[in-house]
There are 2 protein chains.
Amino acid sequence: MTGKLSVERANDARASSRDTQDLISSIFQNRIGYHLRVAQEASFQTFAKATGGADLKPGWYALLTVLAQRDSMTPSELSRICGRDRSTLTSSLKDLADRGLIDRQLNPDDQRSYSVRLTEDGRSMQERLQVIADAHDRLLEEIAGEDKKVFLSVLARLSAVLS
Amino acid sequence: MTGKLSVERANDARASSRDTQDLISSIFQNRIGYHLRVAQEASFQTFAKATGGADLKPGWYALLTVLAQRDSMTPSELSRICGRDRSTLTSSLKDLADRGLIDRQLNPDDQRSYSVRLTEDGRSMQERLQVIADAHDRLLEEIAGEDKKVFLSVLARLSAVLS
DNA sequence: ATAATATGGTTTGATATCAAACTATCTTGC
DNA sequence: GCAAGATAGTTTGATATCAAACCATATTAT
């Protein structure tokens with residue numbers, strides 16, 4: 001066993017990247033779930049890197065963009081629309097408020113609740129992010145090329161059926 | 001402002017799901033990145049739920065499946081192949097060892113390293129998971145239908161270009 | 001040979017997420 | 001009206017992940 005193992009190891013060292021590729025594709029070649037996960041991760045990392053350069057957190061784009069569509073919203077509405085748990089928003093909204101990108105005011109009609117609104121800074125930040133997001137999505141579109149329409153329709157079906 | 005807000009709120013309460021849909025689609029309608037993320041999340045949750053029913057963690061499937069292809073591997077090899085950071089594997093491998101699904105033995109040729117091997121239990125667990133994964137992927141294939149090939153090729157391109 | 005460097009694995013720290021428990025307030029049913 | 005239940009937001013606890021620091025061991029270069 002010892003001898004066998006060490007020989008194997010030596011081979012791995014030389015042929016690792018090729019072996020690895022072979023192994024992955026022999027297992028996951030045809031698996032939609034696997035490719036979906038890898039592609040999404042790659043796309044997310046690319047976007048996160050682009051926004052991170054501007055010292056922004058990736059989750060902020062969705063929040064600011066949704067907020068930019070309306071005068072004000074409650075955290076719960078935001079959470080539903082962005083598809084994130086309410087509890088997740090607490091710290092994001094705090095960060096956004098600390099950075100002066102949003103305003104929060106208590107709702108006089110309901111003491112439990114408050115409404116969130118973009119500040120001027122928040123709006124211009126949203127615009128900066130929008131540029132990055134647009135560029136990112138344009139890149140994705142280029143890659144998808146003429147298959148974009150089909151690709152999107154499959155994604156939409158997956159979400160609809162599995163949600 | 002108060003009055004306006006409360007009216008808005010009342011409308012939201014009634015028309016929330018419709019408004020929400022409209023808002024989301026008006027913003028993200030055509031955004032590949034968004035749909036990719038949502039679809040991947042839905043697919044992952046569905047799979048996690050299926051495996052969770054068997055008291056298994058979702059990440060285990062990939063590890064056990066890769067291990068099932070070879071006599072033994074090191075954590076580093078596993079990490080490269082599964083596309084996860086080495087540090088992430090420490091706890092997963094500990095869990096798998098605690099559950100008796102893998103064996104770990106020090107490599108006599110390199111004191112820093114050890115090799116990981118499926119136990120009998122590990123192999124049968126892998127087979128159980130494989131059934132679940134197969135069913136899951138069959139579901140995804142059904143949803144993709146005749147677009148499967150195109151869909152997979154776009155995913156593969158995305159991963160290749162963005163990685 | 002030995003000093004410098006690289007490597008394998010773990011630890012720690014940061015982030016993002018969900019879910020369940022919790023507090024305070026609102027609404028309902030009686 | 002008031003008690004019982006629902007709802008808004010936060011807190012806490014669990015999980016999963018990456019990245020950087022870290023330690024011990026190997027490898028390399030001189």
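In what follows, chains are A, B, ... by sequence order, proteins preceding strands, each numbered from 1.
Counting heavy atoms from C-beta on, the side chains of A:Leu155 and A:Leu36 come closer than 4.5 Å.
The distance from atom CZ of A:Arg104 to atom P of D:dA8 is 17 Å, rounded to the nearest whole Å. Nucleotide C:dG9 holds its C1' atom 10 Å from the CG atom of B:Leu93, rounded to whole Å. What separates CD of A:Gln105 from P of D:dG9 is a distance of 14 Å, to the nearest Å. Rounding to whole angstrom units, CE of residue A:Met73 and P of D:dG9 are separated by 11 Å. As rounded to whole Å, 11 Å separates atom P of C:dG8 from atom CG of B:Asn107.
Of the charged side-chain nitrogens involved, none lies within less than 4.0 Å of a carboxylate oxygen, so that B:Arg117 and B:Asp71 do not count as a salt-bridged pair. Between B:Asp134 and A:Arg31, at least one side-chain nitrogen of the basic residue sits less than 4.0 Å from a carboxylate oxygen of the acidic one, meeting the salt-bridge criterion. The pair B:Lys94-B:Asp98 meets the salt-bridge criterion, with a side-chain N (NZ, NE, NH1 or NH2) lying under 4.0 Å from an Asp/Glu carboxylate O.
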Pairs under 3.5 Å (N/O, protein and nucleotides 27-29 of chain D):
none

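In terms of the salt bridge (charged side-chain N to carboxylate O under 4.0 Å, His left out) criterion, residue partners of A:Glu141 (sequence neighbours excluded) are, by chain and number, A:Lys148. Taking the ring pair (Phe, Tyr, Trp, His ring centres under 6.0 Å) definition, one finds that B:His136 meets it with B:Phe47, sequence neighbours left out. Scored by the salt bridge (charged side-chain N to carboxylate O under 4.0 Å, His left out) test, A:Asp121 finds no partners at all (sequence neighbours excluded). Scanning for ring pair (Phe, Tyr, Trp, His ring centres under 6.0 Å) contacts around B:Phe151 gives A:Phe151, with sequence neighbours left out.
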Handout entry: Contact letters for nucleotides 11-19 of chain C, in which S counts primed atoms plus P, OP1 and OP2 and B counts the base, heavy atoms under 4.0 Å
Key = B----SSBB
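In this structure, A:Tyr114 reaches the D:dT10 phosphate: one of its side-chain N or O atoms is under 4.0 Å from OP1 or OP2.
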